[in-house]
Amino acid sequence: ETGVTQSPTHLIKTRGQQVTLRCSSQSGHNTVSWYQQALGQGPQFIFQYYREEENGRGNFPPRFSGLQFPNYSSELNVNALELDDSALYLCASSFGVSGNTIYFGEGSWLTVV
Amino acid sequence: QKEVEQDPGPLSVPEGAIVSLNCTYSNSAFQYFMWYRQYSRKGPELLMYTYSSGNKEDGRFTAQVDKSSKYISLFIRDSQPSDSATYLCAMSGGTGFQKLVFGTGTRLLVSP
């Protein structure tokens, strides 16, 4: 167990809807990152939050947004869902902004129909 | 060309075999190298973490990094059926934040 917990574990949404995924980081970790993993692919970096600010972003459109709260938990929000957004969404926590070990949660499976 | 290349497999070996998994990369700014194991429909589990070039051993696992060749390896000794999973290499560096760049993963099957 990594101590990184995500919810919900599975969900189904309709194209055009909005979704919010939640993550609690490992105790003592102040950095949270989100990744998208399509079937048969490696995870793709979406963005990272450190001290409640987004401090790094991958090649994802603005309809992917996030929040980090004072207790370092985090949310990933995706607006205007598209069929290609169907994937495993992974939250990862670590300490500091770079160069440290990164631990993943079990993920949230999103299916867009 | 992808930043990180990894053979997707599947790689099938008998129990007890030595397994070699590899990744190549193109970004010379990468400094941190990791191997994750991912069971079906689960999150990735960190196996090995290496900074810069060199070897690191942990039980049956050995990670090697050759920055001059932009090549990393994971060796698994005395492989077990429970090692059957997808192995992902990941690396980071040069961005000022913890962006991991992953390979596509190699699926390993260890038969009894």
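Note that the structure is predicted; figures quoted are calculated from it, not measured. Reminder, nothing fancy here: chain letters follow the sequence lines and each chain counts from 1.
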*Side-chain heavy atoms under 4.5 angstrom apart, residues restricted to Ile, Leu, Val, Met, Phe, Trp, Tyr: same cluster for A:L11 and A:W109?*
no
*asked:* Would you say that more than 12 heavy atoms from the other residues, nucleotides or ligands in this model lie under 6.0 Å from the CG of A:N71, or not?
replied: yes
*Please state whether the side chain, the backbone, both or neither of B:L100 comes within less than 4.5 Å of a heavy atom of chain A.*
both
*Give the cluster check for B:L88 versus B:M34: same hydrophobic cluster or not, with ILVMFWY residues linked at side-chain heavy-atom distances below 4.5 Å.*
yes
_Atom group of A:Y35 that falls short of 4.5 Å from chain B, counting heavy atoms_ = side chain
_Just checking A:Y50: does its OH atom have more than 12 heavy atoms from other residues, nucleotides or ligands closer to it than 6.0 angstrom?_
yes
*Side chain, backbone, both or neither: which part of A:Q44 has a heavy atom under 4.5 Å from chain B?*
neither
*Any link between B:V13 and B:W35 through a network of hydrophobic side chains (Ile, Leu, Val, Met, Phe, Trp, Tyr) touching at under 4.5 Å?*
yes
*Does CG in A:L83 sit with more than 12 non-hydrogen atoms of other residues, nucleotides or ligands closer than 6.0 Å?*
yes
*Which atoms of B:Q38 approach chain A - backbone, side chain, both or neither, heavy atom under 4.5 Å*: side chain
_Region of A:Q41 in contact with chain B, defined by heavy-atom distances below 4.5 Å_ = both
*With rounding to the nearest 0.5 Å, note down the distance linking CD in B:E45 to CZ in A:F104.*
12.5 Å
_Quick check for you: to the nearest 0.5 Å, what is the distance between A:F95 atom CZ and B:Q98 atom CD?_
10.5 Å
*To the nearest 0.5 angstrom, please state how far the CZ atom of A:F45 sits from the CZ atom of B:F102.*
11.0 Å
*Under a 4.5 Å heavy-atom cutoff, which of B:Q31, B:R107, B:K42 has the most pairs with chain A?*
B:K42
*Cluster question for you: counting only ILVMFWY and a side-chain heavy-atom cut-off of under 4.5 Å, with indirect links fine, are B:L46 and B:Y87 together?*
no
*Check the hydrophobic clustering (I, L, V, M, F, W, Y; side-chain heavy atoms under 4.5 Å; chains of links allowed) and say if B:V19 and B:F61 are grouped together.*
yes
_Best-contacting candidate, A:G56, A:P43, A:C91, A:G42, against chain B by heavy atom pairs under 4.5 angstrom_ = A:P43
*Hey, does the side chain of B:Y49 reach the backbone of A:I102 with a donor-acceptor pair shorter than 3.5 angstrom?*
no
*B:R60 atom CZ, over 12 foreign heavy atoms within 6.0 Å*: yes
*Going from NZ on B:K99 to CG on A:N55, what distance comes out if it is rounded to the nearest 0.5 angstrom?*
13.0 Å
*For B:Y36, is it the side chain, the backbone, both, or neither that has a heavy atom closer than 4.5 Å to a heavy atom of chain A?*
side chain
_A:L90 versus B:G43, closest heavy-atom pair with distance_ = CD2-CA, 4.0 Å
